[in-house]
Amino acid sequence: MVTQVDPGDAPARRWVLHVDLDQFIAAVEVLRRPELAGLPVVVGGRGDPTERAVVSTASYEAREHGVHSGMPLRLAARKCPDAVFLPVDAPVYDAASAEVMATLKAVPGAVVQVLGWDEAFVGIETDDPWAVARSIQAAVLERTDLHCSVGVGDSTVRAKIATDFGKPRGVFELTRDNWSEVMGHRPTTALWGVGSRIAARLAAHGIQTVHDLATADEAVLVSEFGPSMGPHYKRLGRGTGTTTVDDTPWVARAHGRETTYQTDLVDPREISDALGLLAEQVVEDIRREERACMRVHLKVRFAPFFTTTRIRKLAEPTFDAAVIAATALDLLVGLGDDRPIRLLGVRAEMVPPEGGYDPPRTVGRGGPPAR
DNA sequence: TCTGGGGTCCTAGGACCC
DNA sequence: TCTGGGGTCCTAGGACCC
């Protein structure tokens, strides 16, 4: 099922809501350890801040000390020595996430597109999207004890961006009526899908703000980013990206495992064993889904920090871990680089289902559950 | 401080075929 | 001797998100 926002001038009746749990992982951990409430909590890796790992989520108390997602745990420990460090416990977050999503799907008339553990789009036809947003917050809190913020928009991009302005525990509305006022003066990185690299390329053409991008010469964007991404970025600048909320169950395109080693790998035997282990994990995962591996992706990070990937299509789709491991090893040897290895990843690109993927590939952010 | 692990999608360019 | 277009398939690499 798909809902479409009315693009015309009539008052919109269909809305896109973006629901985003507040500090989701940290909040779930506090729920099962109430004594942690109000303390700086940092969840990441195996919970040992002396290891090579990064922060998955920090509680607001920890964020006040400058700790944020993606930061190395060691640095987080320096910035906030009193923080409680906890290991990532994915099954617990899966369960909590499922409760949240079930709550959203129970909203009458809602079409729910899951974006990750802690966020989803909700497409809905209503006269009062704020009332729906408030009722969603209340229902989620009642059922899961978790707080969320809601972005209300007339497109997915606007709803998604609106949520940040509502955090924590709030609601914010972003539509074509206030888009320019709220977003126009902000840097292009404020947009969903524009990171530092794209922003730098835009800046080289004098495009600094969202307003600059919205009014940019499309020919310039096409020459810089190509016929597909160029117009896509212009649409982002205007906030008029896709308007559909699609609850088609997501079918993964690929599945992989990667590991950062606590001590760098140098011994060839050790390296080959590591690839074998990763391949076995990948096969176990894809066998569960009954999806054979079609291509092998090798990812390797040499110390100190050079990362590269290699791909090879297999002659035959396979579930054979030995074939996958041997292919990955062959790709690695082909690099002819004997520096110490800090990370290895093996990814299986899987045979597409009959008739291809639905939804098909699209420009911009497609919608996989990111976790 | 020394940078995780899980994903998706786009573009460029070479090889190859007609 | 040099070289047309058009198409597909494949790999490498970049960029982004949570």
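In the text below, chain A, chain B and the rest are named by the order of the sequence lines, each starting its count at 1.
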> Which of parallel (below 30°), tilted (30 to 60°) and perpendicular (above 60°) describes A:Phe165 and A:Phe172?
Replying inline: tilted
>> Ring-plane angle category for A:Tyr233 and A:Phe225, please: parallel below 30°, perpendicular beyond 60°, tilted otherwise.
In response: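 A:Tyr233 and A:Phe225: perpendicular rings.
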Taking the side chain of [X] as heavy atoms from C-beta outward, which of [options] is closest to it?
{"X": "A:Arg310", "options": "B:dT3, C:dG13, B:dC10", "value": "C:dG13"}
{"X": "A:Ile311", "options": "B:dG4, B:dT1, C:dA12", "value": "C:dA12"}
{"X": "A:Ile198", "options": "C:dG13, C:dC16, B:dT8", "value": "C:dC16"}
{"X": "A:Lys313", "options": "B:dT11, C:dC18, C:dC10", "value": "C:dC10"}
{"X": "A:Glu258", "options": "C:dG13, C:dC18, B:dG5", "value": "B:dG5"}
{"X": "A:Leu75", "options": "B:dT1, C:dG13, C:dT11", "value": "B:dT1"}
{"X": "A:Arg197", "options": "B:dG5, C:dA15, C:dG13", "value": "C:dA15"}
{"X": "A:Trp192", "options": "B:dT3, C:dA12, C:dC18", "value": "C:dC18"}
{"X": "A:Ser228", "options": "C:dT11, B:dT11, C:dC18", "value": "B:dT11"}

>> Is it true that A:Thr327 and A:Asp330 share a donor-acceptor pair across their side chains at a distance under 3.5 Å?
In response: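 Checked: A:Asp330/A:Thr327 side chains show no N/O donor-acceptor pair below 3.5 Å.
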>> Please give me the minimum heavy-atom distance between A:Gly239 and A:Ser155, naming the atom from each residue.
In response: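 So the two residues come closest at O-OG, 2.9 Å.
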Find the distance [X]:[atom1] to [N]:[atom2] and express it as a whole number of Å.
{"X": "A:Arg295", "N": "C:dC10", "atom1": "CZ", "atom2": "P", "result": "6 Å"}
{"X": "A:Phe85", "N": "B:dT1", "atom1": "CZ", "atom2": "C1'", "result": "13 Å"}
{"X": "A:His297", "N": "B:dG7", "atom1": "NE2", "atom2": "C1'", "result": "12 Å"}
{"X": "A:Arg301", "N": "C:dG14", "atom1": "CZ", "atom2": "P", "result": "13 Å"}
{"X": "A:Arg74", "N": "B:dC2", "atom1": "CZ", "atom2": "P", "result": "6 Å"}
{"X": "A:Gln281", "N": "B:dG6", "atom1": "CD", "atom2": "P", "result": "8 Å"}
{"X": "A:Gln113", "N": "C:dC18", "atom1": "CD", "atom2": "P", "result": "13 Å"}
{"X": "A:Trp250", "N": "C:dC18", "atom1": "CH2", "atom2": "P", "result": "15 Å"}

Taking 4.0 Å as the cut-off, does a side-chain nitrogen or oxygen of [X] come that near to OP1 or OP2 on [N]?
{"X": "A:Arg52", "N": "B:dG4", "value": "no"}
{"X": "A:Lys160", "N": "C:dC16", "value": "no"}
{"X": "A:Thr260", "N": "B:dG4", "value": "yes"}
{"X": "A:Arg347", "N": "B:dG6", "value": "no"}

Interatomic spacing from [atom1] in [X] to [atom2] in [Y] - rounded to 0.5 Å:
{"X": "A:Phe121", "Y": "A:Thr244", "atom1": "CZ", "atom2": "OG1", "result": "9.5 Å"}
{"X": "A:Cys293", "Y": "A:His255", "atom1": "SG", "atom2": "NE2", "result": "11.0 Å"}
{"X": "A:Met229", "Y": "A:Leu236", "atom1": "CE", "atom2": "CG", "result": "8.0 Å"}
{"X": "A:Glu284", "Y": "A:Glu289", "atom1": "CD", "atom2": "CD", "result": "12.5 Å"}
{"X": "A:Ile341", "Y": "A:Leu275", "atom1": "CD1", "atom2": "CG", "result": "7.5 Å"}

For [X], report the nucleic acid contact type (base, sugar-phosphate, nothing); a contact means any heavy atom under 4.0 Å.
{"X": "A:Thr259", "answer": "sugar-phosphate"}
{"X": "A:Arg342", "answer": "sugar-phosphate"}
{"X": "A:Val88", "answer": "nothing"}
{"X": "A:Leu298", "answer": "nothing"}
{"X": "A:Leu73", "answer": "nothing"}
{"X": "A:Gly45", "answer": "nothing"}
{"X": "A:Gly345", "answer": "nothing"}

>> Assuming nearest nucleotide by heavy-atom distance, tell me which of A:Met71 and A:Ala254 is located more 5' along DNA chain B.
In response: A:Met71
>> Here's a test of your reading of the structure: between A:Pro227 and A:Arg257, which maps to the more 5' nucleotide of DNA chain B?
In response: A:Arg257
> Expressed as a whole number of Å, how far does the P atom of B:dT3 sit from that of C:dC18?
Replying inline: 24 Å
> Given A:Thr248 and A:Asp246, is the side chain to side chain donor-acceptor pair (under 3.5 Å) satisfied, shown in steps?
Replying inline: CA-CA 6 Å; A:Thr248 310; A:Asp246 185 342; 2.4 Å; yes
>> Give the dot-bracket line for DNA chain B from 5' end to 3' end: parentheses for intra-strand Watson-Crick or G-U pairs under 3.5 Å, square brackets for crossings, | for inter-strand pairing, dots for unpaired.
In response: ....||||||||||||||
